[in-house]
Amino acid sequence: MTPNALDMLRAMARIRAFETALSERKDHGFQLLSSGEEAVAVGLASALTERDQLLTGGRSIGPAIARGVDPRAVMAELLGKTAGVNGGRAGRGHLSDPASGFFGAHAVVGGNISIAAGVALAKQMDGDGGIVAILFGDGACGAGALHETLNIAAKWKLPLLFVCNNNQWSVSTSREDALAPARLSDLGKTFGLPSRTIDGLDVEAVAAALGEAAQSVRRGEGPAFVECISIRLRSHSTTARETRKRDELAELRTRCPIRRQIARLGLDDDAVEALERDAADFAAAALAFAEASPYPSAAEVLTDVG
Amino acid sequence: MIYQLLVPAAVPGVEEIRVLEWHGEPGTAFAPGDLIVELETHKAVVEARAGQAGILRDIKAAPGDWCQIGTPLALFSDSADEAMPDGAVVSRDLVIEFDVI
Amino acid sequence: MLDSAVVATKKMFFREAIAKAVREEMALNDRIMVMGQDVGSFGGSYREFDGLFGEFGAERVRDMPVAENASIGIGAGAAAAGYRPLVTITYMDFLMLGFDPLINYAAKLRYKTAGGLTAPLVVKTTAGAQGQGVAHSQCIEAWLMSVPGLTVVAPSTPADAYGLMKTALRADGPVVYIDHKRLFPAPGEVPVLESLVPFGLAAVRRAGTDVTITAHSFMVRMALEAAETLESEGISCEVIDLRSLAPLDMPAIAQSVARTGALVTLEEGQLTSGVGAEVAARLFETTGHRRWARVGALPAPVSSNPVLEAACVPDARRVAEAVHKLLAR
């Protein structure tokens with residue numbers, strides 16, 4: 001067992017329980033959950049240090065929690081409460097907490113990639129040794145913003161780690177139907193980046209690959225590109241209908257990264273129960289905190305506009 | 001014969017130029033093709049070259065001076081000892097060629 | 001409010017006024033950097049950054065590939081992370097390629113982080129018709145005026161180009177700074193010593209009593225030309241240079257129209273949901289309706305064809321006609 005393999009399993013279980021609690025709460029808003037993608041978030045977080053920053057697309061909940069943003073403040077943010085990490089006004093699509101190394105989400109697909117390059121440029125000019133990771137989905141691989149940014153990041157040798165969480169679906173359009181490259185990591189290769197495609201359901205493999213990639217970025221060798229192939233166990237969002245067939249989903253559930261890690265670690269029933277209890281407590285505490293926080297007053301609508 | 005060198009309308013939209021550098025002084029003889037003066041517009045440098053032979057006699061705008069299009073920059077004559085006119089005398093325009101760079 | 005000429009000035013090209021502002025601010029604040037196509041050793045499409053590459057080096061004056069979206073995005077990200085980038089977009093038409101990072105990210109950053117982060121980013125771009133065709137001529141500043149969190153300025157003189165650029169480079173949030181192709185050829189007096197033009201302050205360029213004409217950027221010159229013609233016919237025009245479109249200096253406009261009783265709004269862009277429509281609507285909300293005419297581009301793209309271009313965008317003659325018609329009502 002690698003030293004933090006159990007920690008990573010616990011982190012994945014917590015994200016799953018957190019998102020489940022959120023989705024089961026009445027009036028939970030418009031949320032993009034990450035069931036099936038926890039290994040990418042947790043493996044990525046393990047590759048980053050305190051000096052680094054993480055930016056994501058709109059599927060931000062798992063990555064933010066994995067990165068160490070206070071889960072209570074995340075839940076409050078998701079529910080629009082004033083105790084939210086951004087006072088409840090950013091929501092899932094835009095939550096940010098740079099102090100925790102989570103520079104922020106930006107819910108326009110592909111939109112945060114050039115922003116992340118700008119943060120990486122600032123880090124390069126500051127020379128503080130930190131790197132920036134940008135997490136985006138396969139959907140963003142069709143967007144021009146990625147290609148423009150890959151080019152500039154490569155030319156400038158920015159300390160930027162491109163992490164594609166390929167969950168294989170853009171709402172209802174499959175990655176095969178949408179994108180031409182054989183592997184999405186080929187996009188990085190085109191610009192001369194060290195690029196790999198890995199199994200995004202294996203948290204230890206993700207941690208190892210991203211750890212290695214982060215190190216090369218940290219050494220000043222320029223950006224790197226890692227495609228993590230994962231699965232989306234739920235529909236695109238909590239308001240989108242599921243377009244896949246029941247048996248297809250059942251098959252996907254057998255590949256759940258959490259189940260896989262439990263099996264790999266050979267946890268017995270008691271250990272699994274303890275794992276689930278820890279995760280449930282984690283989610284319940286966050287939810288209780290969020291429920292206790294008030295909504296902002298309508299008068300706040302005009303604060304901090306410009 | 002006395003000739004006047006006028007600010008050429010070298011660049012569309014330009015109403016005024018700034019004198020950058022003279023390539024001669026009173027008494028300098030110019031042959032066709034010789035660079036006389038460089039003028040600065042908002043975007044480019046205009047090189048005014050002699051389109052005829054002539055002797056530079058009098059410079060009316062120093063480097064850094066602003067001049068409207070069509071205003072006189074200098075006087076030239078055919079020979080060095082030709083008497084210069086007093087006051088406003090109608091003179092011919094010096095033939096020039098210019099390059100915008 | 002006529003500009004008083006007590007400060008020492010030096011005549012310079014519009015581009016030199018911009019370079020002076022950027023140079024001074026870069027010397028004062030090492031977080032300021034310039035990023036754009038052809039801004040390096042070339043010095044900018046209009047030489048408005050002449051010399052800066054040599055003075056401040058390739059790290060702070062960066063040539064960008066043709067990638068407007070990423071250029072603004074990288075600028076916005078670096079701004080959020082503590083720098084003050086000035087990103088140049090050669091023509092305003094190309095600004096559309098960078099609307100996501102500008103509008104969805106930079107303009108909203110302060111709000112969505114509840115004041116935690118801001119994007120002190122200046123996007124400088126050049127508007128206006130000058131023979132370059134349907135996608136190199138547009139004035140879309142009115143689109144930007146409706147974006148909460150975005151400041152929009154459009155100087156008409158080298159002095160304001162200087163003063164507004166300095167203010168923009170010190171601002172907390174994103175600023176779109178719009179100059180104009182036809183303003184570059186004309187020199188003007190610029191303060192020798194440091195001087196800033198605050199946002200939200202219009203300037204009365206010409207005092208008058210019969211009608212107020214509001215304009216910005218190159219159209220201020222058309223308004224002044226029309227005012228000159230109309231004066232010979234006994235019509236006295238007050239010309240207000242808006243300078244800042246977001247925020248707008250509504251008190252200055254209201255004071256002027258209170259005296260003249262008539263308003264002509266002039267812009268080079270489209271009239272529909274335009275700058276003039278906004279100026280008039282905001283004014284009339286407080287004063288009630290006043291006599292008003294608006295002058296702007298005809299509802300057509302701006303062709304590179306000289307006849308069609310001239311037919312589309314306003315000139316002094318059309319302004320004078322609008323004043324005549326309005327005062328005859």
Side-chain angles (χ1 to χ4, degrees), chain B residues 4-26 34-51 56 58-75 88 93-101, chain C residues 9-20 38-39 42-51 88 90-91 126-132 137 155-159 161-162 179-190 192 217-218 221-222 224-225 228 268 304 306 309-310 313 315-316:
Chain B
Q4 59 181 356
L5 168 59
L6 301 179
V7 178
V11 180
V14 171
E15 299 157 8
E16 221 171 341
I17 57 86
R18 189 167 55 198
V19 177
L20 188 61
E21 190 181 355
W22 285 97
H23 290 268
E25 53 191 25
D34 287 351
L35 178 59
I36 304 172
V37 64
E38 290 174 81
L39 308 169
E40 209 176 353
T41 75
H42 65 298
K43 209 173 168 176
V45 172
V46 178
E47 290 183 347
R49 293 175 183 278
L56 175 58
D58 185 20
I59 291 176
K60 294 186 173 300
D65 285 357
W66 291 88
C67 301
Q68 300 278 339
I69 302 302
T71 56
L73 284 168
L75 295 178
D93 294 347
L94 185 77
V95 179
I96 59 164
E97 294 160 350
F98 55 81
D99 294 317
V100 180
I101 53 175
Chain C
T9 61
K10 182 171 186 266
K11 191 171 186 174
M12 59 180 76
F13 285 117
F14 201 94
R15 63 170 163 89
E16 292 173 313
I18 295 171
K20 174 173 155 67
D38 310 308
V39 300
F42 189 64
S45 296
Y46 290 90
R47 292 175 63 197
E48 66 272 52
F49 303 109
D50 236 10
T88 70
T90 306
Y91 290 146
T126 302
Q130 195 177 46
Q132 291 179 296
S137 305
S156 76
T157 67
Y162 166 74
D179 45 40
H180 192 290
K181 298 179 188 77
R182 291 189 185 184
L183 286 173
F184 280 99
E189 296 291 334
V190 175
V192 172
S217 192
F218 180 67
R221 292 175 63 122
M222 296 298 98
L224 290 169
E225 222 176 273
E228 196 72 37
E268 188 175 321
S304 56
E309 179 186 275
V313 301
D315 56 14

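So you know, we letter chains A, B, ... as the sequences are listed, proteins then strands, and number each from 1.
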Partners of C:Tyr162 by ring-ring contact (aromatic ring centres under 6.0 Å, His included), sequence neighbours excluded?
none

How close do [X] and [Y] get, counting heavy atoms only, and between which atoms?
{"X": "B:Glu15", "Y": "C:Arg221", "result": "OE2-NH2, 3.1 Å"}
{"X": "B:Glu40", "Y": "C:Phe13", "result": "O-CZ, 3.4 Å"}
{"X": "C:Pro185", "Y": "B:Gly13", "result": "CB-O, 3.5 Å"}
{"X": "C:Pro187", "Y": "B:Glu16", "result": "CG-OE1, 3.3 Å"}

Would you mind checking which part of C:Phe184 comes under 4.5 Å of any heavy atom in chain B, side chain (CB onward), backbone (N, CA, C, O), both or neither?
both

Cut-off 4.5 Å, heavy atoms of chain B, and the answer for C:Glu48 is neither

Would you find more than 12 non-hydrogen atoms of other residues, nucleotides or ligands less than 6.0 Å from B:Gln68 atom CD?
yes

Counting heavy-atom pairs closer than 4.5 Å to chain B, which one of C:Arg182, C:Arg47, C:Gln130 comes out on top?
C:Arg47

